[in-house]
Amino acid sequence: MSDVKMIGPNVPNMPWQERGAETKGFMPVWRYSGNPIIGRNPLEGVARIFNSAVIPYEDGFIGVFRGEGTDGVPHIYLGRSQNGTDWTFEKEKIQFVDEAGNPFMPIYAYDPRLVKVEEVYYMMWCQDCYGASIGMARTTDFKTFTRIENPFLPFNRNAVLFPRKIDGKFMMLSRPSDSGHTPFGDIYLSESPDMVYWGKHRHVMGKNGDHWWENVKIGGGAAPIETTEGWLLFYHGVTGTCNGLVYSIGGAILDRDQPSIVKYRCANFLLTPQEWYEERGFVPNVTFPCATIHDAKTGRIAIYYGAADSYVGLAFTTVHEVVAYIKDHSRVSESDREIGLR
Ligand code: BMA
């Protein structure tokens, strides 16, 4: 156990379940016994919901969900929940507008994240801009979703905003790659004074040939959680097998003031596909974290992850357990430790 403290809001109504007897004590993360929390055909015209992001809102929770249409095309749907495990969805996909209020829909949209910075909720996702790129929108009421400038050039499919500015700047993780199905990728950090112009790009951490479970590519997952040890990042790490890719959940701790510096990086995965809903589905063997709900007072963390590109799963840990585990199993390479500018 670590005496680390989480810095952030108290969310006493967050979903929570104690570690069950069947989960091994030496594993730092355990699954919700009611998984998957979202099953197939969750609403008319949507075959699967997965890789989705949630956040506390009013007296419950709200989220943006990757809904794979029955035409095979992904779009983002709004969902609400009182307890964080039972969700209801709006029938219509989110209708985005431009800054002038005119309809401005992405051709497709997937892997959304949802992060609140200074009373504004920002969404980021992957969409087409003459190639896979990051799209962004802001809302304050979850009624009007205003798209703002695309932050990066193609090709990039995976962006995660920090929940507060650092030194007056918005900070965002992303994973540039090529136009294929992301055959490679490291996590980078960019900053912006205004959510329009992004720069000061820094390498954060790379795929790791020494950790076989993440030796193909990695990408940001949930919005980083601020702790007294640094920014706790749950991310996805990918390996290749003779039967395709396997997506696991990893953990790292980034420097609080300069998050391109990796302080600790867990050499072991925190969670890897093993349950039927993770091993079996549209894309087998995928656990893909996109959000956490966490409570600073108790240190509890609920991780929301996509499972097999078909379901949403929920897993739990505490900041004390997971930070201790990451530190105990940390192996940081020279290039991850660097500021990340060459
Ligand atoms: C990635 C993304 C994710 C998906 C994963 C596994 O490239 O498309 O949305 O979960 O592949 O299919």
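Quantities reported herein were computed from a predicted structural model and do not represent experimental measurements. Counting starts at 1 for both ligands and their atoms, following the listed order.
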**OP:** Give the ring-plane orientation class for W276 versus Y311, where under 30° counts as parallel, over 60° as perpendicular and anything between as tilted.
**Re:**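 The arrangement is perpendicular - the two ring planes meet at more than 60°.
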**OP:** Kindly confirm or rule out an N or O of Y110 lying under 3.5 angstrom from an N or O of ligand 1.
**Re:** no
Original post:
Does an N or O anywhere in T182 fall below 3.5 Å from an N or O of ligand 1?
Top reply: no
**OP:** Verify whether the ring centers belonging to W125 and F96 lie closer than 6.0 Å.
**Re:** yes
Original post:
Can you find a side-chain donor-acceptor pair between Q127 and N150 that sits under 3.5 Å?
Top reply: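 Distance-only check passes for Q127 and N150.
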Original post:
Under 3.5 Å, is there a donor-acceptor pair linking the side chains of D86 and S81?
Top reply: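 Absent: no donor and acceptor within the cut-off.
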Considering non-hydrogen atoms of the protein only, which is the closest contact for [atom], and what is the distance?
atom: atom 7 (O) of ligand 1; value: H181 NE2, 3.3 Å
atom: atom 3 (C) of ligand 1; value: D111 OD2, 3.2 Å
atom: atom 6 (C) of ligand 1; value: D309 OD2, 3.5 Å

Original post:
Which atom pair, heavy atoms only, marks the closest approach of L271 to E278?
Top reply: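 That closest heavy-atom pairing would be CD2-OE2, 4.1 Å.
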Taking only heavy atoms of [X] into account, list the atoms of ligand 1 that are under 4.0 Å away from them.
X: Y247; answer: 1 (C), 5 (C), 6 (C), 7 (O), 11 (O)
X: N51; answer: 3 (C), 4 (C), 9 (O), 10 (O)
X: V283; answer: 12 (O)

Subject >> Test applied, side-chain hydrogen bond (donor to acceptor under 3.5 Å, both in side chains); reference residue, N156; option that passes from S174, S133, S177 >> reply: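 Passing option: S174.
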Subject >> Interatomic spacing from NE2 in H75 to CD in E68 - rounded to 0.5 Å >> reply: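 Interatomic distance, H75 NE2 to E68 CD, rounded to 0.5 Å: 10.0 Å.
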Original post:
Should R157 be listed as contacting ligand 1, given a heavy-atom distance under 4.0 Å as the test?
Top reply: no
